[in-house]
Amino acid sequence: MLRIIWAGMLFWVLSGCSSLLYSPSLNLTNQPIQEKQIDMQGGVELLPETRMLNATFPDNLQLGWSGGLRYGFGKQFNMGFKAWGEFSPRQTLLRGGGSIDAQFLRIISPQTRLILLPRVGIALNGNSIAGYGLSASAIYQREVSDHFSWYGGIGAVWGVKDFTQEQNIANELKMPMGAGVVGNLGIGWQLTNGLRANIELNPILQLNTFDNRQQFLLAPSVGVGYSIIR
C-alpha cells in the first residue's frame, strides 16, 4: 500500500539567475486537529535549492528555519500558513518563502487517517517575490500509541519564476520553471499534553526543465509544535 505522506513539497520555483529555497517538512500533529484548535510549529531543516546549475552537494542544501500556524475548522478540515528562510545568506538578499495550505482528512480508523494537502506558495528573494508554486500531497498517518505516531507519503510540486520565456545556458528560449516528486517519512513524539517533537526525512527528485537537469536530494528536518484549544 502506498503510504502517502506528504506534503512538503511546496513550491518550487526556478529563478533565471539565482537559486531559490523551499521547505518540504510537515511536522504533523499526532492526532487530528480539532475544531477551533490552534497549532504552532517551528524547526530547523536543510532547505533544497531549486536551481541545480551551480548547486552540487553540499551547496544544494542550505541550513534554515521554518515556522507555521494552523487552525482547525473541524475534525476533518484545517488550514495553515508556513514561512521559511536560510540562516546564513550566501547571496546579497535573504532567501525564503511562504505558503498557505489546507488539510482534508479521511478517518480510516481511530488510529489511522489519510490526509490530502494542497498548497500554494511564493518564493522570496529579500522583500521581492521571485516565484510562484503549486503542490499537492497525500499523507498516511498512524498512531502507534497516545505518545507516538509515524507518517509517510508522496507528492508533486510545480513552480515558475514568471510566465515569459528566458534564455538558458544553452541559448534556448524556455519558461523558467520546474517540477518535482517529494517524499516524506516522519515520526512524532507527544512530550506533554500540548508539546510534541517531529523528526523527518524528505527525499526529493527535482526536475529543472529550464536547465534540462535533474537531481536527487535528501532534506531532513527536526521540529517542535504546540497545540492549544480556544
Side-chain angles (χ1 to χ4, degrees), residues 1-12 22-41 43 45 48 66 68-82 84 99-121 133-159 179-191 193-205 218-229:
M1 176 180 181
L2 184 62
R3 298 171 180 194
I4 18 190
I5 156 181
W6 240 115
M9 351 161 283
L10 348 259
F11 32 101
W12 137 318
Y22 64 99
S23 168
S25 64
L26 295 180
N27 294 326
L28 294 181
T29 58
N30 289 311
Q31 297 179 345
I33 294 179
Q34 305 298 310
E35 185 176 2
K36 296 184 179 181
Q37 181 176 345
I38 297 174
D39 182 68
M40 300 171 288
Q41 57 184 260
E45 59 186 288
S66 65
L69 186 66
R70 185 169 298 279
Y71 182 80
F73 293 92
K75 189 174 182 179
Q76 295 181 311
F77 176 70
N78 62 77
M79 294 188 68
F81 168 79
K82 183 179 181 182
W84 62 89
S99 66
I100 297 175
D101 68 70
Q103 290 187 3
F104 300 90
L105 282 73
R106 179 183 177 185
I107 307 300
I108 301 174
S109 73
Q111 289 77 36
T112 60
R113 63 201 64 95
L114 180 65
I115 305 172
L116 299 179
L117 196 153
R119 289 186 178 184
V120 297
L134 300 172
S135 70
S137 304
I139 306 154
Y140 177 85
Q141 184 179 30
R142 179 175 178 81
E143 296 175 46
V144 179
S145 68
D146 291 339
H147 302 283
F148 182 82
S149 71
W150 67 268
Y151 46 92
I154 196 169
V157 60
W158 172 86
V181 177
V182 186
N184 182 284
L185 182 62
I187 55 177
W189 287 285
Q190 202 67 38
L191 304 177
N193 287 338
L195 184 66
R196 73 178 184 281
N198 297 85
I199 297 177
E200 297 179 3
L201 295 176
N202 305 306
I204 305 164
L205 177 61
L218 186 64
S221 68
V222 177
V224 294
Y226 188 79
S227 297
I228 58 176
I229 300 290

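None of the values given here were measured: they were computed from a predicted structure. Residue numbers run from 1 in the order of the sequence given.
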Quick one: do Q31 and S149 satisfy side-chain contact (heavy atoms from CB on, under 4.5 Å)? Show the steps, please. CA-CA 8 Å; Q31 297 179 345; S149 71; over 6 Å; no
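- Taken from CD1 in I228 to CG in N193, the straight-line distance is 13.5 Å, to the nearest 0.5 Å.
- By the 4.5 Å heavy-atom criterion applied to side chains, I187 and F148 are counted as neighbours.
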Assess the residue pair I38 and R70 against the criterion (side-chain contact (heavy atoms from CB on, under 4.5 Å)); give the C-alpha distance rounded to whole Å, side-chain angles, the decisive distance to 0.1 Å, and a yes or no. CA-CA 6 Å; I38 297 174; R70 185 169 298 279; over 6 Å; no
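- The shortest non-hydrogen separation linking L191 to A197 is CD1-CB, 4.2 Å.
- Using cut-offs of 30° and 60° on the angle between ring planes, the pair F73 and Y71 is perpendicular.
- Remark: S66 pairs with E45 by the side-chain hydrogen bond (donor to acceptor under 3.5 Å, both in side chains) rule, at least two apart or across chains.
- Closest non-hydrogen pair, R119 versus D101, comes out as CG-CB, 3.1 Å.
- Here CD of Q41 is found 7.5 Å from CG of N198. Values are rounded to the nearest 0.5 Å.
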Decide yes or no on side-chain contact (heavy atoms from CB on, under 4.5 Å) for Y22 and S99, but give the supporting numbers first. CA-CA 10 Å; Y22 64 99; S99 66; over 6 Å; no
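- For L201 against P220, the heavy-atom pair with the smallest separation is CD2-CB, 3.9 Å.
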Before you tell me yes or no, could you show the steps for V182 and V157 under side-chain contact (heavy atoms from CB on, under 4.5 Å), namely the whole-Å CA-CA distance, both residues' side-chain angles and the distance that decides it to 0.1 Å? CA-CA 8 Å; V182 186; V157 60; 4.2 Å; yes
How far apart are the C-alpha atoms of S227 and D39, what are their side-chain angles, what is the distance that settles it, and do they pass the side chain to side chain donor-acceptor pair (under 3.5 Å) test? CA-CA 4 Å; S227 297; D39 182 68; 2.5 Å; yes
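- Listed here is the closest heavy atom pair of A102 and P118: O-CD, 3.1 Å.
- The backbone N or O of A219 sits less than 3.5 Å from a side-chain atom of N202, completing a donor-acceptor pair.
- Between the CD atom in Q111 and the CD atom in E143 there is a gap of 6.5 Å [rounded to 0.5 Å].
- Put simply, CG on L26 and OG on S221 are 8.0 Å apart, with the number rounded to the nearest 0.5 Å.
- A distance of 4.5 Å separates CD1 of I139 from CG of L117, quoted to the nearest 0.5 Å.
- With Y151 as the partner, the side-chain hydrogen bond (donor to acceptor under 3.5 Å, both in side chains) test is satisfied by one option alone out of R142, E200, R113: E200.
- Within the 4.5 Å cutoff, the side chain of W150 has heavy atoms near those of the V144 side chain.
- What you find for N27 and R196 is that their closest heavy atoms are O-NH2, 2.9 Å.
- Residues I204 and L218 form no side-chain contact, since every pair of their non-hydrogen atoms from C-beta on lies 4.5 Å or further apart.
- With rounding to the nearest 0.5 angstrom, the CG atom of N78 is 9.0 Å from the CD atom of Q37.
- Closest approach of I107 and S109 over heavy atoms only: CG2-O, 3.4 Å.
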